[in-house]
Structures are given as C-alpha cells and as structure tokens.
Amino acid sequence: MTIKLYNTASRRKEIFEPLEPGRVGMYVCGVTVYDLCHIGHARSAIVFDVLSRYLRARGFEVTYVRNFTDVDDKIIERAREMGRDPGDIAREYIRAFHEDMARLGVAPADHEPKATEHIDGMIRMIRTLMEKGFAYEVDGDVFYSIEAFRDYGALSGRKMEDLQAGSRVAVDAKKKNPHDFALWKAAKPGEPRWESPWGPGRPGWHMECSVMSSHFLGNTFDIHGGGRDLLFPHHENERAQSIAANGGGFARYWVHNGFVTVDSEKMSKSLGNFLTIRDALETYHPEVLRLFLLSKHYRTPLDFSREAVMDLQAGLLRIYRTLQRLEERIGSPKTDQDPTGALRNPAEGTFPADFVGVMDDDLNTAAAVGLLFEKVREINRLMDEGVSKELLEKERDDLMAAASVLGILRESPRDFELGLAEAAGRLDAGKIEDMIRQRAEARKARDWKTADAIRDRLKEMGVILEDGPGGTTWRPDV
RNA sequence: GGCGGCAUAGCCAAGUGGCUAAGGCAGCGGUCUGCAAAACCGUUAUUCACCGGUUCGAAUCCGGUUGCCGCCUCCA
C-alpha cells in the first residue's frame, strides 16, 4: 500500500515517495508570535501532527521541523503599543503556544527553530542571491527580483500579468517590480536590528523558512506544509529564494490545510471573529476539539459552530463509554507497547487495513473517524454477545492504534466524563452518593415513586443514574 | 478584474465512473429494564444545487447556470 498526498504544486494527488527511502523530512510554517493562537492555528498544528504520527506509524523515520517567527512587523507593532520589548512578547507567546499545543495533544516537532537564531544564515543566503543576480539593494533594504526567477508563480499557479492587474498594495517606489519582496529591511529607530553588509536591519519574513528548512532538511526535502493562505505569496517567495540561491528542488510535496470558518467566513484577526484555543478549551474538552477538527478532510474549509462541536462530543462520549465497558470486562489496556504496531503490516480486510487505506488516501481523517465509530459499534455488539477476553483485547488494540494516530482516547473513560462535567459545572460526589443510597433503600422497599423522585432531582443537578446488575452508578449529564 | 475551491438526508460529513450513496448527531420503532439510563437491532437521501452533454452505466467526467467561500495585502 502506498501513501498518496495532494500536492498543491501539481494540483493533484500524488504517490508519496520520499527522497530517501524510509525517511521523511517535513517542514511546516509555524506561527508569528505576537498574540494567542486561535483554533485555525490549532487545525493546522493538529493536521500536521497527525501527518507526522501517521508517517511514523507506517514505518517512516520522520524529521519534523516547525518554526516560530519571532521577529516581524506585527511583533514590533505590538511591543510598541504595549511599551514592551519585542523579544519579551515573542517569548511570552511561544510559551503560550507550547501550553496550548500540550493541552491539544500536539506533540512537539523535532526541531522548533526561531527566526532570530538563524540571522547569520539568512544574511549568507541574501548575499548569495545578490551575487547570483536575484537581489538588489536600495538604501539598506534588499529586495528579491521576481523577474530574475523564470519559474516565479509556478507553485501557486499565477501569472505575473494577473498579479499586476489586481494589485491593491501601495507600491514601494524602491522596488523595480511591485511584486519584488523584501529580503532584508533596514531598521528604523527603535526597532530590533542585526548588523549586515547592508547596514543594521532585520530579515524579511520569507527568508527564515528558506534558511531553516535547508539547515535542518537540506536543499531538497519531502514535505512542506502550512495553511492555504500561505501559498501566496509566502511559499511562492520561499521557493523562489531557495531554488535561486541553493539550487535543488526545495519542497517536493506541498501540503496546505483549509481554514476554520465561522458562519462560513474565514476566522481572522481583522474580522474579529476568531476564537482562541484557550477560550475554546474553557468550553470544550481538548479531545472533543481535536476530533472536531479532524472530522472533515484537511483541505476543505471547516465551519466552526457550537452545535457541530457538541455533536462530536456526543460521539466521542459514546466511544469512551465503550472503553469503560471494556475496562470493566478485561481490565485496563497495557501501556508498555507501541499502540500503532497493528498498523505496520495489517492483513487485508481487517480494521487496521481499512484505517490505513483511508489514511493513505491523502490523510482522510474524516473517513477514518467513520471507521472508528463502526469499530466501536462492533465492539459493543461483541460484548453483548459475550465473546472471549482475547478477542476483546485484540479489538481494543486495533481501536487504540487508530486512535493514537489521531491523538484521541488518551484519557481514562472516567476522567474524560468528569472533564466534560468540569466545563459544565462542578458536582458534589459525596452528596450524589448519599442520594443514591437513599434511592436504593426506596427501591428495595419497591417505593418507585420516591426512587424516581430522587432520580429526577439528580437529573436536575446534572447527574444521570444507571442501574446495572452490580448496583447503581452515576455519570455527569453531558 | 485574474486565479482557485465548495454545493451529498433535519444538522455535521465520507464517497470522484459500476455491488444496497460510509459514519456521527438528532428523531422514530423494538430488545433489555419496576420505570429509566446505557448498549444493541431496525428505520430516516430511488437520490447527490440546477440545466444540458459524453457513456452500456455519473453524485463521480465535460460544458453552462445559480449560490457560497478563499487567494491576489499581514494571516494557519
């Protein structure tokens, strides 16, 4: 079986073959750290987290690089507004990013370089571009000349004429061509600065990704990812710089995730319709959010709404209830083995093979989630039929293999339910158990009226009772 | 203006040439239960925005229409 990925550069799905068999180099554009991240950032981070997990589960050795843009106009502007040091702002939001990602279960990348750590490399690259005739300096600014790069526009599928026709940007008189872009920006008073052959200044935005990707992955590497909005101009420019300066092919597969929208409109700072990860986690359990963001194919826009998220929550809860039942029957899962082992060489017609089949097809997590639910129904059926412990263990291992690639089902079932309840309000376990005892006495006396009244009262408190052969248990009404 | 994407049941969402159009949520009927809850079983799109065309055969390919969205400017 082979993995297929949609390559934005060719606008079609392609069979994925890494440059070096068995090894994958993957670079994903991270965030500019001037504010808290919103759930659009979360989608991107989660999609590429799943891609790296999946590639590893399929036996590839992955080197995953995700950068931080920690020097940039927006950071400088924010610092000025707040009367603070730009470096402090960047550090603060890098910390916030790590906290948010940890809560969402997004694993750290193998390398998380910051732009400011690679200024020397950027200066070297700019010098090379000037020597090769791709860049020119004007009053301490250095620009890339897009006309010098014949292939400019090939990645995003644009023609230079089209670009000019729609341009609304105020043209910088220093530029030879309005779409030339800054490689180096001369520092204005009070701005962060580094010494360079063109005087003090800072790098343009696109430089960092070119330099850091080649530093960690080489001049030609396998996967370059990011949000769809980065395709132009950011990725087009990165590519133009890198190929012009280094030769090589730069990224071989370009993978772009779609946006999170609200009321069908892109979530963005300028529209003011964004929801930060933090705010979302006040209301929704991290795994609910994660499953929601994976419930639609990564390339299509995903509309965020409370109803849609809560629907997924109901579904995830059902999966956890099945895990709870399993635990009661066959005990807790073993934790000392690689959960994804079942995906390595799955036998045809089995659940792991089906899962691999849909994931191989351009990371179809939506279909994968569907398979997960089918498997859950089957496991419940098997438990109703009373099959052997060995079979149930096998079934659970298969389920957990898929779940671990998606990064869900990481909690104990009880913790998950209580976690949901925490968002809805706190429950007093002692009082609840007291009332359950009273109800048990009433039931013993066949006083159904009293028993039902107590149950109703608990329901109002947000507690659901379940009478089973082993007595009554309770769970939060979520 | 240029380029691109999307339109599948009450809602969310897979499926891109051929068995009965996945799955989730919600609803309804049933099994189980003192009654519930949970779980399971059954059920809910003769039809895939609309109009043409290609084909033995299309939700899937082609042309057109409508609607929504994105990129072209910092943006995941």
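The shown structure was predicted, so the numbers you read here are calculated from the model rather than taken from an experiment. Each chain gets a letter, A, B and so on, in the order its sequence line appears, and its residues count up from 1.
- One finds no salt bridge joining A/Lys296 and A/Asp303 here, because no Lys/Arg side-chain nitrogen approaches an Asp/Glu carboxylate oxygen to under 4.0 Å.
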Can you tabulate the close N/O pairs, meaning under 3.5 Å, that link protein atoms to atoms of nucleotides 42-44 of chain B?
none

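- Remark on RNA chain B: of its neighbouring residues A/Arg381 and A/Gly258, the 5'-side contact belongs to A/Arg381, judged by nearest-heavy-atom nucleotide.
- Side-chain N/O atoms of A/Arg439 and base N/O atoms of B/rG34 include a donor-acceptor pair closer than 3.5 Å.
- Heavy atoms of A/Gly40 sit under 4.0 angstrom from at least one base atom.
- Classified by interplanar angle (parallel below 30°, tilted 30° to 60°, perpendicular above 60°), the ring pair A/Phe232/A/Tyr152 is perpendicular.
- A ring-centre distance under 6.0 Å is not found for A/Tyr93 and A/Phe68.
- For the pair A/Arg299 and A/Asp362, the salt-bridge criterion is met [side-chain N within less than 4.0 Å of a carboxylate O].
- Using bins of under 30°, 30° to 60° and over 60° for the plane-to-plane angle, the ring pair A/Phe181/A/Tyr144 lands in the parallel bin.
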With a 3.5 Å cut-off and sequence neighbours excluded, list the donor-acceptor pairs that the side chains of residues 459-466 of chain A form with protein atoms.
{"residue": "A/Lys459", "atom": "NZ", "partner": "A/Asp477", "partner atom": "OD2", "Å": "3.3"}
{"residue": "A/Glu466", "atom": "OE2", "partner": "A/Arg475", "partner atom": "NE", "Å": "2.5"}

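- Side-chain atoms of A/Asp452 and base atoms of B/rG34 include a donor and an acceptor less than 3.5 Å apart.
- The residue from A/Ile408, A/Leu293, A/Leu420 that alone fulfils the side chain to side chain contact (heavy atoms under 4.5 Å, CB included) condition with A/Val288 is A/Leu420.
- Minimum atom distance to the side chain of A/Glu374 is reached by B/rG23, of the listed B/rC35, B/rA76, B/rG23.
- A/Leu465 comes within contact range of at least one nucleobase, with a heavy-atom separation under 4.0 Å.
- Rounded to whole Å, the C1' atom of B/rC32 lies 47 Å from the corresponding atom of B/rC68.
- Heavy atoms of A/Arg443 sit under 4.0 angstrom from at least one base atom.
- In this structure, A/Glu287 contributes its side chain and A/Leu409 its backbone to a donor-acceptor pair below 3.5 Å.
- Both geometric conditions, a ring-centre gap below 5.5 Å and a plane tilt below 30°, are fulfilled for A/Trp448 over the base of B/rG34.
- The side chain of A/Thr300 approaches B/rA14 more closely than any other nucleotide in the set B/rA14, B/rA76, B/rG24.
- Stretches of at least 3 consecutive Watson-Crick or G-U wobble pairs, with each checked distance under 3.5 Å, appear in RNA chain B as B:1-7 with B:66-72, B:10-12 with B:23-25, B:27-31 with B:39-43, B:49-53 with B:61-65.
- A salt bridge links A/Glu92 with A/Arg84: the closest approach of a Lys/Arg side-chain nitrogen to an acidic carboxylate oxygen falls below 4.0 angstrom.
- Residue-level contact check: A/Ala314 touches the backbone only, with heavy atoms under 4.0 Å from sugar-phosphate atoms and none from bases.
- Of the two residues contacting RNA chain B, namely A/Arg43 and A/Tyr298, the nearest-nucleotide position lying further toward the 5' end is that of A/Tyr298.
- For a distance-only test at 3.5 Å, the side chain of A/Asp229 fails to qualify as a donor-acceptor partner of the base of B/rC74.
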